[in-house]
**Q** 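Quick one: this structure, given as structure tokens, is what I'll be asking you about.
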2 protein chains.
Amino acid sequence: MSPNHPPASGADGQAVSGVGAAIAATRAPRGQARAALIAAAHSMVRKQGYAATTVDQICAAAGVTKGAFFHHFASKEALAVAAAEAWTERARPMFEMPPHTQLDDPLARLIGHIDFRFAMLDGPVEEFTCFVGTMVQEAFATSDAIRAACEASITAYCEALVPDIAAAIDVYDAPEDVTALGLAQHIQAVLQGSFILAKTTNDPAIARESVTHLKRYIRMLFAPPGAP
Amino acid sequence: MSPNHPPASGADGQAVSGVGAAIAATRAPRGQARAALIAAAHSMVRKQGYAATTVDQICAAAGVTKGAFFHHFASKEALAVAAAEAWTERARPMFEMPPHTQLDDPLARLIGHIDFRFAMLDGPVEEFTCFVGTMVQEAFATSDAIRAACEASITAYCEALVPDIAAAIDVYDAPEDVTALGLAQHIQAVLQGSFILAKTTNDPAIARESVTHLKRYIRMLFAPPGAP
DNA sequence: GACAACATACCAACCAGTCGGTATGTAGAT
DNA sequence: ATCTACATACCGACTGGTTGGTATGTTGTC
């Protein structure tokens, strides 16, 4: 689903030690090597890119040895695929947790989601950018397995937006050729593009500006016809 | 300026042999090694990413030896910076050449530019995506020289759009807080984001959909207040 | 004690960058 | 015009460190 900001804890509710730092202070507890490796991959690839991140670096950040790495993953590519799938899971809370998901109006829920994404655009760039978006840039032509895994993650994100958008299209009248999936993909495109701009300046401000335009567009799209 | 499609010939009007292919068929003529290396870097980095592209690969694609490479560039990073600057130059014709630049109405020129970018979204993905956008993803945190060079290229593109947008803001009335530079950056964000989506599917169609939304947004922004 | 979950030691391939040398111009003196 | 002196452009073998991956040993758990 391509989230950009992780919950403070892992999917299972247990904090993964040292992930995000360059090197794990402690050795990962037995049974958590796999999760620690995936979390380390998320953080390092977002910062350095996929090809520039070495297996050794990931192991060091995860507090695990190379033997553990290749016990759990057949190759660096296999880790990338698993990490893309895990990324989808890491995004799920984004669609269930926030308060705006309780609103009655589908448009209000959609705008609430955009606001939620806007609020994420803060702090160090590598902490709000998208793991799969970063990885697919490098791997789309060289590893179809990675490409497909990233596609699945992005698709899952878009499809999670579809119900609210479809409902908004029903309630308000949008232009004929606006489809729920198409608009969801456009939202994703603006987010991904805003991440790239933020990387060029190493500052989130330019990304917020773009998401503001996105929000205005959605408001205009679904404006009641007689509105001022 | 971050173009996405090169003119068929180099900046000096002479075709660079074999660039775009994996390996140059012929050796580059004396005096053209530098240009050939930059062109090879553009094509290989767009396909594979920066870190995954080796100096040897670039040399092979350019039809020159490693000796020539390090004669012209102090390091791989120095080539990256030079290639980012060259990318800006490669984009310039995009703002001068096309017929729509002759139109009287600034909004028509702007829409014409969007149409022009839309028309580029065709063929193999690595042939319309952005070199600096790809590179900055990987290098923003590890090489400030590369990051800054990519920022300069993106900024140049945005600033080339500013005059027409500013004129359109003057002629038509847009919302208060829309600035010319901000909208130019949003246009760039949508393009960059659409490239990422195209990479996930390995198909330009999803990118065209997003640019269509962008075009609609711009039309709505500058719609005459009394229009239907 | 058997099996999964690790750790350690190691390797062949690869990579950015070096270095001594050659080929091709070119400016100035004669 | 031709020779000398020098500069630029380019070549390709070599190197030291790195990389993804393997082979084998150890530890904890049921």
Side-chain angles (χ1 to χ4, degrees), chain A residues 12 14 16-18 22-41 44-45 48-83 135 138-139 142-143 145-146, chain B residues 10 12 14 16-18 22-24 26-41 44-45 48-83 135 138-139 142-143 145-146:
Chain A
D12 55 354
Q14 286 184 285
V16 178
S17 68
I23 296 178
T26 69
R27 176 148 290 175
R30 191 180 175 88
Q32 299 204 343
R34 191 188 149 94
L37 284 165
I38 286 176
M44 304 226 56
V45 170
Q48 307 181 351
Y50 172 69
T53 300
T54 70
V55 171
D56 281 321
Q57 283 177 338
I58 295 173
C59 291
V64 152
T65 61
K66 231 171 174 181
F69 184 103
F70 285 101
H71 173 73
H72 288 287
F73 304 103
S75 64
K76 188 188 177 189
E77 185 186 31
L79 165 71
V81 170
M135 203 164 57
E138 300 178 58
T142 45
S143 165
I146 294 179
Chain B
D12 54 355
Q14 287 183 285
V16 177
S17 68
I23 297 178
T26 70
R27 174 149 292 175
R30 187 182 175 88
Q32 300 205 341
R34 192 189 148 93
L37 284 165
I38 287 176
M44 304 226 56
V45 170
Q48 306 181 353
Y50 172 69
T53 300
T54 70
V55 171
D56 281 319
Q57 283 177 338
I58 294 172
C59 291
V64 303
T65 62
K66 230 170 174 179
F69 183 102
F70 285 101
H71 173 73
H72 287 286
F73 304 103
S75 63
K76 188 188 177 188
E77 185 186 33
L79 165 71
V81 170
M135 205 164 56
E138 298 178 60
T142 46
S143 166
I146 294 179

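In what follows, chains are A, B, ... by sequence order, proteins preceding strands, each numbered from 1. As the structure is a prediction and not an experimental result, all values here were calculated from the model.
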**Q** When rounded to the nearest 0.5 angstrom, what distance separates CD1 in I38(B) from NE2 in H72(B)?
**A**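 Here the interatomic distance stands at 9.5 Å.
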**Q** For Q57(B) and dA16(C), give me the distance from atom CD to atom P, rounded to whole Å.
**A** 8 Å
**Q** Select one nucleotide: of dG20(D), dC10(D), dA16(C), the one nearest the side-chain heavy atoms of V55(A).
**A** dG20(D)
**Q** Q32(B) has an atom CD; how far is it from atom C1' of dC11(D), in whole Å?
**A**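 To the nearest whole Å, that distance equals 18 Å.
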**Q** Which part of the nucleic acid does T65(B) contact within heavy-atom distance under 4.0 Å: base, sugar-phosphate only, or nothing?
**A**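 Answer is base: heavy atoms of T65(B) come under 4.0 Å of a base.
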**Q** Determine whether any donor atom in the side chain of K66(A) lies under 3.5 Å from an acceptor atom in the base of dA7(C), or the reverse, and answer yes or no.
**A** no
**Q** Could you tell me the separation between the CD1 atom of I58(B) and the C1' atom of dA16(C), rounded to a whole number of Å?
**A**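 Distance, rounded to whole Å: 11 Å.
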**Q** What pairs with F73(B) under ring pair (Phe, Tyr, Trp, His ring centres under 6.0 Å), at least two apart in sequence or on another chain?
**A**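 Testing F73(B) for ring pair (Phe, Tyr, Trp, His ring centres under 6.0 Å), a comparison that skips the adjacent residues, returns F69(B).
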**Q** Distance from I146(B) atom CD1 to K76(B) atom NZ, nearest 0.5 Å?
**A** 8.0 Å
**Q** What are the atom names and distances for every N/O pair under 3.5 Å that joins the protein to nucleotides 28-30 of chain D?
**A**
none

**Q** Roughly how far apart are T65(A) OG1 and F70(A) CZ, rounded to 0.5 Å?
**A** 11.0 Å
**Q** Which atom pair, heavy atoms only, marks the closest approach of A33(B) to V64(B)?
**A**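 Looking at all heavy atoms of both residues, the shortest contact is CB-CG1, 3.8 Å.
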**Q** What's the separation between atom CD1 in I58(B) and atom CE in M44(B), rounded to the nearest 0.5 Å?
**A**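 One finds 7.5 Å between CD1 of I58(B) and CE of M44(B).
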**Q** To the nearest 0.5 Å, what is the distance between OG1 on T53(A) and CE on M135(A)?
**A** 10.5 Å
**Q** Just the rounded figure in Å: distance from P of dT8(D) to CZ of R34(B).
**A**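 After rounding, the gap between these two atoms is 15 Å.
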**Q** For residues L37(B) and C59(B), report the shortest heavy-atom separation together with the two atoms involved.
**A**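 Here L37(B) and C59(B) meet closest at CD2-CA, 4.1 Å.
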**Q** Among residues 68-79 of chain A, which contact DNA chain C at a heavy-atom distance under 4.0 Å?
**A**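 Heavy-atom contacts with DNA chain C come from A68(A), H71(A), H72(A).
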**Q** To the nearest angstrom, how far is M44(A) atom CE from dG20(D) atom P?
**A** 12 Å
**Q** Write down the atom of E138(B), the atom of G49(B), and the distance for their closest heavy-atom approach.
**A** OE2-CA, 3.1 Å
